[in-house]
*Asks:* 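Just dropping this structure here.
Every chain is numbered from 1 and lettered A, B, ... according to where its sequence line falls, protein lines coming before strand lines.
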Amino acid sequence: MSAAETRQGAEGDVSLSVDRVVKSFGDARAVDDVSLKVRRGEFVTLLGPSGCGKTTLLNLIAGFLAPESGEIFIDGAPISGLSPFERNIGVVFQNYALFPHMTVAENVGFGLKMRKVGKAEVERRVQEALEMVRLPQMGDRRPRQLSGGQQQRIALARALVIRPQLILLDEPFSAIDKNLRAEMQVELKTIQRQVGITTIFVTHDQSEALSMSDRIAVMSQGRVQQLSEPIELYRRPANSFVASFIGEINRLACTRRRDADCVLLEHGAVRLRLPAARVPGEGTGDSMLYVRPEALRAVDPGTPEANLCDGTVDAQVYQGTHVDLIVKADNGWLLRVREPGFDALERWPVGARLGVHADLAEACVY
Amino acid sequence: MRLADRLARPVFVAIVALVLAFVTLPSLVVVVVAFGDKSIMMFPPDAWSLRWFERALTYPDFRKGMVNGLYISAWASLLAVAVGTMGAYAIDRFRFRGSALLESLLLSPLVIPHFTLGVGLLILASGLGLSRGYAVVVLCHLILVVPFVMRSVYVSLKNIDPMLERAAASLGARPLTVFLRIHLPLLAPGLAGGWLFAFILSFNEFTATLFVTNNTTQTLPVAMYNYVREYADPTMAALSALLIGITALFLVVANRFLGLDRILSIGSHR
Ligand SMILES: Nc1ncnc2c1ncn2[C@@H]1O[C@H](COP(=O)(O)OP(=O)(O)OP(=O)(O)O)[C@@H](O)[C@H]1O
Ligand SMILES: [Mg+2]
């Protein structure tokens, strides 16, 4: 009884629920058995390489496509029977999709007109929405008279003014230049928090995803590979795809073997011992050790501190905020070691012998 | 190579000038002939007068033909806009068996010779016991001009961002509302252009019209044809000059108010 009640309580907080949704084009499954739950007011980003099904999933939620199987719920109610115009979902398109023959105010007011809102009320809410996106004077302009960033804000105002249950944004900033993009990211995030609206955001820019999202769904080949908070995603990628896709990471080949309650990783002369709990899956054989460059440190060779391996500096890559040392390990590994200060340039010249220390708590094995 | 580059421009200009001259020369000759005084067509005329213009404007068959033509073309072009818009919409929206074939068929005029259509309709009308009234002529013209309208609308439709429809739908617009509030306003230039060309084509059509008209329904081109069979005076030239002038005026006005490039869908949408 009480278990059912808690489940009820948890369910009540879910704004969008995608349940085992499948959509194919021909033989290819663009969205393959995707399930996810988004809490009210949450900002969830769909992140993944081109063609992984992000837009398709968004179109399924908006109702522009119908799923082959599975169901989508908004505030607990199934919506697969509803046409897009019956769903109360705001959509912001990559190319803005403003109506070129209408003024900015008419664009923003369009959804309210469709809802038969009175004229005075429309005017008031349109003005309010324009103020929210900080373009209160632009109501009489035509979309083509606005810059890309301004058009994008109008598109956002148009989608939000109808007070939708959910807002979907498909790569809204990809056509905007880099400086403005950072500004727009902050602005969207501020508005989103202020309005408290549940948001599904699509991007293939991972820094955008990491900086804006409450949670990120990493997609690949139509499937959600991992849905977690940005820090978790970065530090504890669920599989090799996520590990390689997010940020930079060293992939180190090794063989693994069970040894009591530990796992033994070996490659050449290198032997590492990790608690078995840290290594998913059973079995022995070829594996990959994933460790980020910033979890590695250059130390004196041959010391106990050099817990990963010894090697020689192959190249230095100066990156402004840090220096990357490309290290050729004695056992054949090629590693990228991130040193925060640029005194590393002098301390570890090309050809120098060094040891590599790894923070093994940050390493993963798949 | 540099010599060729320097030659390219004058040669290009010369070719364009020649083509233009070639295209406009016959019209120019006709206009000049219209101002002659003799009752035979002669170029260049040795004496000048405006009397053939007077005759062209007062000759009863021409007046009747003019009125008939305006009436028939107005109906045919308006119906063509309605039918063509629906057709273009259907081809653009719905993929069905044979839709590709239909698309190429309907969007490429001139497949059926006008002569064939005229004779076919004539036989069909008499077979069905229809009198050779205005309806048959309008139908004939409708068939001839619909592809042009459909093409014009289709191009405009293709130029409309499909995301606009989705945006409108997500804001709560039903399909009919999307058509009326989004597509129709954006199609307006295409519709106007389609209508304009349908009207001009219909008004000038002769080959098929010859078969489906009779004495009371004959259009201007048919009346002109009948006239030349009896007379060889410059009335015809005068009438042609008038038609050229009116059509040019029409196009200039259309260009001024609608933008011919938009009508012809030459420019891409922005
Ligand atoms: N209308 C369609 N017809 C056929 N295949 C399609 C269609 N739409 C998408 N696909 C295919 O489905 C897969 C997923 O496409 P989708 O547009 O969802 O990818 P995406 O993640 O949004 O990519 P991008 O980052 O490039 O926008 C792709 O392989 C694509 O080729
Ligand atoms: Mg996409």
*Asks:* In terms of heavy-atom proximity below 4.5 Å to chain A, should B:S170 be classed as side chain, backbone, both, or neither?
*Replies:*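 For B:S170, the contact with chain A is made by backbone and side chain together.
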
*Asks:* Answer yes or no: is there a side-chain heavy-atom contact under 4.5 Å between B:I91 and B:Y154?
*Replies:*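 Sidechains of B:Y154 and B:I91: in contact.
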
*Asks:* So which part of B:L186 gets closer than 4.5 Å to some heavy atom of chain A, the side chain, the backbone, both or neither?
*Replies:*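 Contact with chain A is through the side chain of B:L186 alone.
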
*Asks:* Looking only at heavy atoms and a cut-off of under 4.5 Å, which of A:L112, A:V161, A:N59 has the most pairs with chain B?
*Replies:*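 Sorted descending by pairs with chain B, the first entry is A:N59.
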
*Asks:* Applying the side chain to side chain contact (heavy atoms under 4.5 Å, CB included) criterion to A:L46, which one of A:T203, A:L57, A:L169, A:L168 satisfies it?
*Replies:*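 Exactly one option meets the side chain to side chain contact (heavy atoms under 4.5 Å, CB included) with A:L46, and it is A:L57.
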
*Asks:* Tell me, for A:L98 versus chain B, whether the close heavy atoms (under 4.5 Å) come from the side chain, the backbone, both or neither.
*Replies:*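 Backbone only.
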
*Asks:* Heavy-atom cut-off 4.5 Å, strictly under: side chain, backbone, both or neither for A:I162 against chain B?
*Replies:*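 A:I162 touches chain B through side-chain heavy atoms alone.
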
*Asks:* Filter on salt bridge (Lys or Arg N to Asp or Glu O under 4.0 Å), then keep only pairs touching residues 41-67 of chain A, sequence neighbours left out; what's left?
*Replies:*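 Only A:R39-A:E42, A:E42-A:R215 qualify under salt bridge (Lys or Arg N to Asp or Glu O under 4.0 Å).
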
*Asks:* Identify the residue among A:T199, A:I89, A:V91, A:L188 that makes a side chain to side chain contact (heavy atoms under 4.5 Å, CB included) with A:I167.
*Replies:*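 In the set A:T199, A:I89, A:V91, A:L188, the residue that makes a side chain to side chain contact (heavy atoms under 4.5 Å, CB included) with A:I167 is A:T199.
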
*Asks:* Flag the pair A:D32 and A:K23 as a salt bridge only when some basic side-chain nitrogen lies within less than 4.0 angstrom of an acidic carboxylate oxygen.
*Replies:*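 Looking at A:D32 and A:K23, the cut-off is not met.
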
*Asks:* Can you tell which part of A:F93 gets under 4.5 Å to a heavy atom of chain B, answering side chain, backbone, both or neither?
*Replies:*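 Just the side chain, heavy atoms under 4.5 Å.
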
*Asks:* Do A:R158's NZ or CZ and the ring of A:F99 fall within the cation-pi criteria of under 6.0 Å and 45°?
*Replies:*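 That pair qualifies as a cation-pi contact.
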
*Asks:* Heavy-atom distances under 4.5 Å only: say whether A:N88 touches chain B with side chain, backbone, both or neither.
*Replies:*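 Interface part for A:N88: neither.
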
